[in-house]
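To start, the structure itself, in structure tokens.
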Amino acid sequence: MTAQIIDGKQVAADMRVELKEQVAKLKEKGIVPGLGVILVGEDPASKSYVTAKERACEDIGIYSDNNRLPAETSQEELMALVEKMNKDPKINGILVQLPLPKGLNEAEVLLAIDPVKDVDGFHPVNVGKMVVGEKAFLPCTPHGVIQLLKRSGVTIEGSEVVIVGRSNIVGKPLANMLIQKKPNANATVTVCHTRTKDLAYHTKRADIVIAAAGRPNTVTADMIKEGVVVIDVGVNRVEDATKKRGYRLVGDVDFEAVKEKASFITPVPGGVGPMTITMLLYNTVESAKKAAGIEVE
Ligand code: NAP
């Protein structure tokens, strides 16, 4: 079997068309969704993520309030900016790009964001709501994974899902979302990590394997069964002298070999990555609708 490639770029583009239409309709009612963006310091990866998020906002008509702060910014200055955004009616979502430079207290900043504007879904209030199955902002990468599965026609309900990785931004929220008694969930979920005794034992019995370990070749062809669905969240740089920049990006899955056994697989790049920003836009639009008293999904 050769897998069908799940084209994350295409799914993300389709969703952005839908969002753009929604934003246009909101504008007819005088509502402009707004995202407040805060980047502290000069980290090149963070800069490029933030620029991509701002461009994506512009593309679909979301207003973005872009703030670039020097690495020497104090905790008080950062907290004051978050407070200002909490009160600003033009801003429906607040994004503080992580990681923050050393010396700044990330947890305190994330806690200061008003949960109704927490479009990253990292505030404990939203995490708690997600766990108990209440309506909440869902964290963007795991929500993007579920959208990819849903929009590819993969049956999640009743499936054995094995997630490799238990971070607070991917593995744990994804596991929580997939076990909900809801459509596009109702899965039986196993979460693996570095203390898992026999990773292959688990991945071999999975209908859906989701790799979020941050290590190339964590999932290889001998570790999966025929016809499995494989979602690769990992983004890793590996040296490549043939590339101008000296490296290429790979996921956590041995893509070439695994695609010969799987039924569906996401590539890296072009799989989960484009969905993360799209779900941020989605949350911002939902937040604007909620603030205006319009029914949200
Ligand atoms: P993280 O915080 O480093 O967590 C990695 C998790 O994987 C940990 O739970 C770790 O176990 C587990 N793990 C690592 N090596 C393993 C192995 N050999 N066997 C089993 N488990 C293993 O990483 P993260 O923030 O979740 O990100 C994971 C990957 O996804 C990274 O490559 C990151 O760049 C990528 N990512 C992509 C997007 C996107 O938009 N495409 C978004 C977020 C993250 P322990 O807990 O035991 O250490």
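Not measured: the values here are computed from a predicted model. For the numbers below, each heavy atom of this structure counts, side chains included, while hydrogens, waters and symmetry mates do not. Order of listing sets the numbers, starting from 1, for every ligand and every atom in it.
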[atom]: which protein heavy atom is closest, and how many Å away?
{"atom": "atom 17 (C) of ligand 1", "value": "T218 CG2, 4.1 Å"}
{"atom": "atom 3 (O) of ligand 1", "value": "A213 O, 4.5 Å"}
{"atom": "atom 46 (O) of ligand 1", "value": "R166 NE, 2.7 Å"}
{"atom": "atom 25 (O) of ligand 1", "value": "I169 CD1, 3.4 Å"}
{"atom": "atom 29 (C) of ligand 1", "value": "G214 N, 3.7 Å"}

query: Between R245 and D240, is the closest basic N to carboxylate O distance under 4.0 Å?
result: no

Of the non-hydrogen atoms in [X] and [Y], which two are nearest, and what is the gap between them?
{"X": "A206", "Y": "K225", "result": "O-CE, 3.1 Å"}
{"X": "V164", "Y": "T218", "result": "CG1-CG2, 4.0 Å"}
{"X": "I91", "Y": "M85", "result": "CD1-CG, 3.8 Å"}
{"X": "A187", "Y": "V161", "result": "CB-CG2, 3.7 Å"}
{"X": "K27", "Y": "G61", "result": "NZ-O, 2.9 Å"}

So if I count the atoms of ligand 1 from 1 in the order they appear, which ones are less than 4.0 Å from some heavy atom of [X]?
{"X": "A212", "result": "5 (C), 6 (C), 7 (O), 28 (C)"}
{"X": "H193", "result": "11 (O), 20 (C), 21 (N), 47 (O)"}
{"X": "G165", "result": "6 (C), 7 (O), 9 (O), 12 (C)"}
{"X": "V164", "result": "20 (C), 21 (N)"}

- prompt: Under 4.0 Å from atom 7 (O) of ligand 1, is there any protein heavy atom?
  reply: yes

message: Quick check: R195 and ligand 1, any N/O pair under 3.5 Å apart?
response: no

message: With side-chain contact (heavy atoms from CB on, under 4.5 Å) as the criterion, how do V37 and E54 come out once you've worked through the C-alpha distance, each side chain's angles and the decisive distance to 0.1 Å?
response: CA-CA 8 Å; V37 182; E54 289 163 352; 3.9 Å; yes

message: A side-chain contact here means heavy atoms from C-beta on lying under 4.5 Å apart; do V23 and V285 qualify?
response: yes

So between [options], whose heavy atom ends up nearest [atom]?
{"atom": "atom 34 (O) of ligand 1", "options": "D252, L98, V235, V233", "result": "V235"}
{"atom": "atom 24 (P) of ligand 1", "options": "P173, S167, C192", "result": "S167"}
{"atom": "atom 44 (C) of ligand 1", "options": "T276, V219, V170", "result": "V170"}
{"atom": "atom 47 (O) of ligand 1", "options": "T194, I163, T141, L199", "result": "T194"}

- prompt: Would you say the side-chain atoms of N176 and Q180 include a donor-acceptor pair closer than 3.5 Å?
  reply: no

- prompt: Would you say the side-chain atoms of D207 pair up with the backbone N or O of E160, donor to acceptor, closer than 3.5 Å?
  reply: yes

field: Donor-acceptor contact present, side-chain K243 to main-chain R248, <3.5 Å
entry: no

- prompt: Do any heavy atoms of G171 fall under 4.0 Å from ligand 1?
  reply: no

message: Yes or no: does T196 have any heavy atom under 4.0 Å from an atom of ligand 1?
response: no

